[in-house]
There are 2 protein chains.
Amino acid sequence: MRINTVFEALSHPVRRQILTLLKTGPMSAGELAGHFDLTKPTLSVHFNKLRDAELVAVERRGTSLIYHLNMSILEEALSGLLGKKDQTP
Amino acid sequence: MRINTVFEALSHPVRRQILTLLKTGPMSAGELAGHFDLTKPTLSVHFNKLRDAELVAVERRGTSLIYHLNMSILEEALSGLLGKKDQTP
DNA sequence: TCAATAGTTAGATAATTATCTAATTAGAGT
DNA sequence: ACTCTAATTAGATAATTATCTAACTATTGA
C-alpha cells in the first residue's frame, strides 16, 4: 500500500464523493459520471487515481466497467496515520 | 470543520510527517523544521495549512511558537469518510 | 463486418500548489 | 534603544494537477 498515493487520491472532493457513492454498492463508470458536472474523460482520470490507490477495484461486465469500493485500504491508511507506526513516505 | 481543508492538508507527505512528529508531543516550529530539508518559510506555509485545517493548534512561548497536535479533527474527518453521513463538500 | 454504446488515452491549456530568496514582525536580554 | 533569535509574510518561479476536446479501443448485437 502506497500511503502517499492513497492520501493524494483522497485529497480531491470529487474522488471522495465517488467513494461515498460507492458505499451504497458497486456502480458503472457511466452511472458514476452522471452524478457530476464533468466530462467522462475527466472522471476517467479520477477513477484511475482511485484505482492506483487501490481504493476501488474494477470489473468488466459487457461494455461497462463496474467500480467497487475497497474499504480496507481506506481503513489501513487512516489507522496508519492515527496509530503508532511511523508513516514517513 | 471544513472536510475539504482537512483532506487537502493531509495530502502532502511533509504535512503528514509533521503530524507524526507531533504525536510524541508538542514541538516548536524551529524544532519541527530541523527534521526536514526545506527552508523555514516553506515549512511555515505547511504549518499554516495544518492550522487552517485545525489539525494543529499553536501557542506562543517567548519567541517560539509551539505546535500541538489536534487528534480529534483527524478522527472526525476520517470517521466522516468511513461512516454513513454524506460528506459531499 | 458494421454500427452503436461505454469507456479510455493523448495532447493541450488553465489552475493550483510547492518552493525559494528577501524582507518583515515579535519577543527577550543587555 | 539595540541586537539577537525565532518565525512569518511577500513576491516570484517551478512543478503538479485538473480539465477539456478529439481520437482511439473494446464489446455487443444486427
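Every chain is numbered from 1 and lettered A, B, ... according to where its sequence line falls, protein lines coming before strand lines.
Residue contacts shown for A:R51 are absent, as no nucleic acid heavy atom lies under 4.0 Å away. If you check every strand for non-hydrogen atoms under 4.0 Å, B:E8 touches sugar and phosphate atoms only. Within 4.0 Å of A:R15, counting heavy atoms only, lie sugar-phosphate atoms of the nucleic acid but no base atom. Heavy atoms of B:S64 sit under 4.0 angstrom from primed sugar atoms or phosphate atoms, though from no base atom. Heavy atoms of B:Y67 sit under 4.0 angstrom from primed sugar atoms or phosphate atoms, though from no base atom.
A:T63 has no side-chain polar atom (N or O) that falls below the 4.0 Å cut-off from OP1 or OP2 of C:dA4.
Rounding to whole angstrom units, CG of residue B:L65 and P of C:dA28 are separated by 12 Å. Across the protein-nucleic acid pair, A:F47 atom CZ and C:dA6 atom P stand 14 Å apart, rounded to whole Å. Remark: P of C:dA6 and CD of A:E31 are 12 Å apart, rounded to the nearest angstrom. Between A:L43 atom CG and C:dT8 atom C1' the separation is 12 Å, expressed in whole Å. The nearest whole Å value for the distance from the CZ atom in A:F36 to the P atom in C:dG7 is 14 Å. One can place CG of A:L32 at 13 Å from C1' of C:dA6, the figure rounded to the nearest angstrom.
Distances from the side chain of A:P41 to the nucleotides C:dG7, C:dT9, C:dG27 place C:dT9 closest.
Of the two residues contacting DNA chain D, namely B:I66 and A:G62, the nearest-nucleotide position lying further toward the 5' end is that of B:I66.
No donor-acceptor distance shorter than 3.5 angstrom exists from the side chain of B:R51 to the backbone of B:V56, with no hydrogens or angles considered. Under a 3.5 Å cut-off, the side chain of B:R60 and the backbone N or O of B:G62 do form a donor-acceptor pair.
Side-chain contact between B:E8 and B:D52 is absent, with no heavy atoms from C-beta onward closer than 4.5 Å. Between A:L55 and A:L69 the shortest side-chain heavy-atom distance does not fall below 4.5 Å.
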Per-pair distances, 0.1 Å, donor-acceptor, side chain in residues 28-42 of chain A, under 3.5 Å, sequence neighbours excluded:
| from | atom 1 | to | atom 2 | distance (Å) |
| --- | --- | --- | --- | --- |
| A:S28 | OG | A:E31 | N | 3.1 |
| A:H35 | ND1 | A:E31 | O | 3.1 |
| A:T39 | OG1 | A:T42 | N | 3.4 |
| A:T39 | OG1 | A:T42 | OG1 | 3.1 |

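Heavy-atom contacts of chain B under 4.0 Å fall on DNA chain D between two terminal nucleotides, which in 5' to 3' order are D:dA6 to D:dT9.
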Determine whether A:E76 and A:I73 satisfy the following criterion, side chain to side chain contact (heavy atoms under 4.5 Å, CB included), listing intermediate values before the conclusion. CA-CA 5 Å; A:E76 262 186 68; A:I73 289 280; 4.3 Å; yes
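A pairwise comparison of heavy atoms in A:K23 and B:L81 identifies NZ-O, 3.1 Å as the closest pair.
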